[in-house]
Amino acid sequence: MKLYDIISNLKFIGIKNYKDIEIDSLTCSSKEKTSEGMYFCIKGLKNDGHEYAEESIKNGAVCLVVERFLDLSVTQILVENVRATMSYISSIFFGTYRSKMKFIGISGTNGKTTTTFLIREILTKLNKSVGLIGTEGVYINDLLLPNALTTPDPIDLHKLIRDMEENGCEYCVMEVSAHSIALNKIDNIYYDVAGLTNITKDHLDFFKNMDNYIKCKASLFDYKHAKSGVINIDAKFNRDISKNANIDITTLGRDGDLKLISSNQTLKGTDFKFEYKGKIYSSHTNLMGEYNLSNVLMAVAVIGRLNFDINDILKVIKESNFVIPGRFNVLNIDADFHVIVDYAHTPDGIANILSTIKKLPISRLITVFGCGGDRDKTKRNEMCSTALAFSNLVVVTSDNPRSENPDMIIDDVVRGMESKNLTRITDRKSAIEYALSIAKKGDVVAILGKGAENYQEIKGVKYPFSDYKIVEEYFKLNENKKRVKA
């Protein structure tokens, strides 16, 4: 694609060494080998891409997008914000600015993955072709691809959108992280419907305080980003966001436009009844927990805004056995107790799942969890107090320590906590095995924090690790011991 065609409508400050060259690829990594590439010099939290421009040129870059001109002979485009420009140019380069797909974006601290999976599955069962981009991977119809970030960087994001459209997708459902909003990743995507589940304490390592975090989430509900929105006003902070939004909003909650009338939790799921647009509806979902019911109602409201019949949506929900990767997954084990794996990694997320489990007819609740390194430290102690409030025994262990010392992370988690029901075991495998070894008939072992992740990140290296596999191997090992003893 010719450079002129890429930047003809771009608002830039200036150009240096201009030539109408051919651009065959986009990158924001100086180490990536490119052919006639355009390199975006991004200022990160730790590194400045301008300092690696020469390396990018050696690897094939013929054009730089910069926030300051560099003493280099290649073509340079000077812009105010490289991140925002990368989103715009990606949409032009991959042709996604003219996409005919319907876009759905779901934001919130908790519930994004579950809600997007529900929307994808319901639309699929309503005979629509659907793509999904989120924490647990990318779906292009039935094809599953890995995904490193909840919301990919713009180059990868727009390439995925192009691939979805080329494969016949009519809808693109996305998890929209707060980081993706703040870092301009979604600037050139216009959502037909944007949804907000909740806002709870998280990511304060990046946003510094809750006010900044809330403002970031609220900015999604603006005509620059979305045509319409659905907001759960039962969640703290969301009512004000719905009032201040400058787009058409459908509210859901106990006094929302979609008004929950009643719900009943059973071992088989949840029966529920709600009022919407003057009509009363009732249905059933196999998902348990009030927080999951909120996710279900969000999916109903979002799809309803896309002009689908509510009765058709509820029929699919009632007939479906939803299984969300890493979310309230009850494992199939040969034991007289239950094991549940869940991604809960915030105080609110832990409270949601543990309170739901405690309402079931169980004996004891044993909770295993850890806190990620290089992330919001202010939530660590609160996660522990929340786990202790609901559990008979809590085992604190490692999550993804990243660059931090795992024992020091656990020190933060348990600081000030004195309880005979609290145990610390740094090695996650050992912690899980310990919890399983002390579980008795009727107990539930809840393993929280990593969900369906298949790695543990330590000192910059991702080592293969799966909570599911640890449980599976534990029972295989003990079964073999029984056989040898017999």
Side-chain angles (χ1 to χ4, degrees), residues 104-125 130-139 144 147 149-151 171-178 180 193-200 202 217 230-232 234-235 238 252-253 258 260 263 265 269-270 272 274 283-304 313-314 316-331 340-357 446-453 467-468:
I104 301 164
I106 304 297
S107 194
T109 309
N110 302 304
K112 295 188 297 294
T113 299
T114 297
T115 303
T116 53
F117 261 81
L118 290 171
I119 292 170
R120 172 185 174 269
E121 188 150 345
I122 293 167
L123 286 173
T124 299
K125 290 183 177 178
V130 189
L132 182 149
I133 301 171
T135 306
E136 300 303 334
V138 174
Y139 286 84
L144 174 61
N147 185 22
L149 299 169
T150 297
T151 312
Y171 295 83
C172 175
V173 187
M174 291 176 55
E175 292 185 46
V176 180
S177 68
S180 73
V193 188
L196 180 62
T197 57
N198 50 63
I199 302 176
T200 64
D202 202 8
K217 293 284 191 186
V230 177
I231 296 179
N232 175 11
D234 281 348
N238 284 10
L252 64 90
L258 192 157
L260 180 63
S263 64
Q265 304 283 331
T270 307
F272 60 96
F274 64 88
S283 192
H284 171 88
T285 175
N286 69 294
L287 299 178
M288 292 185 287
E290 291 183 6
Y291 67 101
N292 266 329
L293 179 56
S294 293
N295 296 331
V296 170
L297 294 177
M298 174 66 69
V300 171
V302 167
I303 299 173
I313 299 169
L314 294 177
V316 170
I317 291 172
K318 189 173 184 178
E319 294 174 351
S320 298
N321 182 40
F322 297 115
V323 178
I324 316 297
R327 272 69 179 176
F328 211 110
N329 292 165
V330 182
L331 306 194
I340 296 173
V341 172
D342 192 271
Y343 188 62
H345 61 285
T346 65
D348 184 69
I350 289 175
N352 282 337
I353 185 167
L354 297 187
S355 63
T356 299
I357 295 171
I447 305 171
L448 308 181
K450 289 177 61 60
E453 286 181 353
D467 289 348
Y468 296 100

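All of these numbers come straight from a predicted model, not from anything done at the bench.
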Rounded to the nearest 0.5 Å, how far does CD1 of Ile133 lie from OG1 of Thr150?
11.5 Å

Could you name each residue pair satisfying salt bridge (charged side-chain N to carboxylate O under 4.0 Å, His left out) that touches residues 283-293, not counting sequence neighbours?
Glu290-Lys359

Evaluate the side-chain hydrogen bond (donor to acceptor under 3.5 Å, both in side chains) criterion for residues Asn286 and Asn321: first the C-alpha distance (whole Å), next the side-chain angles of each, then the deciding distance (0.1 Å), finally the verdict.
CA-CA 6 Å; Asn286 69 294; Asn321 182 40; 3.0 Å; yes

Taking every heavy atom of Ile317 against every heavy atom of Val300, the minimum-distance pair comes out as CD1-CG2, 3.5 Å

By the definition side chain to side chain contact (heavy atoms under 4.5 Å, CB included), identify the one residue from Thr285, Thr114, Leu118 that meets it with Asn292.
Thr114

Mark yes or no for whether Asn238, through its side chain, and Asn232, through its backbone, hold a donor-acceptor pair below 3.5 Å.
yes

Residues in ring pair (Phe, Tyr, Trp, His ring centres under 6.0 Å) contact with Phe274, at least two apart in sequence or another chain:
Tyr281

dist Thr115:OG1 -> Ile104:CD1 (nearest 0.5 Å) comes out at 11.5 Å

Heavy atoms only: give me the nearest Glu453-Tyr343 pair and the separation to one decimal.
OE2-CE1, 3.8 Å

Could you report the tightest heavy-atom contact between Met174 and Thr116, atom names first, then the distance?
O-CG2, 3.7 Å

Quick check for you: to the nearest 0.5 Å, what is the distance between Ile119 atom CD1 and Thr124 atom OG1?
11.5 Å

Can Asn198 and Tyr291 be counted as having a side-chain donor-acceptor contact under 3.5 angstrom?
no

Verify, without hydrogens or angle tests, whether Thr197 (side chain) and Lys112 (backbone) share a donor-acceptor contact under 3.5 angstrom.
no

Begin from the C-alpha positions of Val296 and Phe322 and carry the test side-chain contact (heavy atoms from CB on, under 4.5 Å) through to its verdict.
CA-CA 11 Å; Val296 170; Phe322 297 115; 5.7 Å; no

Of all heavy-atom pairs linking Thr109 and Thr200, the shortest is OG1-N, 2.9 Å

For Met298 and Val302: C-alpha separation, side-chain torsions, deciding distance, then whether side-chain contact (heavy atoms from CB on, under 4.5 Å) applies.
CA-CA 6 Å; Met298 174 66 69; Val302 167; 3.9 Å; yes

Correct closest heavy-atom pair for Ile353 and Ala344 would be CG2-CB, 4.1 Å

About how many Å separate CD1 of Ile357 and CG of Asn352, when rounded to the nearest 0.5 Å?
11.0 Å

Main chain of Ala351, side chain of Ser355: is a donor-acceptor contact present, judged purely on distance under 3.5 Å?
yes

Does Leu314 reach the side chain of Phe272, with side-chain heavy atoms less than 4.5 Å apart?
yes

Counting C-beta onward and ignoring hydrogens, is there a side-chain heavy-atom pair between Arg327 and Asp342 closer than 4.5 Å?
yes

Kindly compute the distance separating CD (Gln265) from CG (Leu287), expressed to the nearest 0.5 Å.
10.0 Å

Residues at least two apart in sequence or cross-chain that pass ring pair (Phe, Tyr, Trp, His ring centres under 6.0 Å) with Phe117, listed by chain then number, are Tyr139

Atom pair CG/CG of Asp202 and Asp348 - distance to nearest 0.5 Å
10.0 Å

If every non-hydrogen atom of Lys217 is compared with every non-hydrogen atom of Ser177, which pair is closest and at what distance?
NZ-C, 4.4 Å

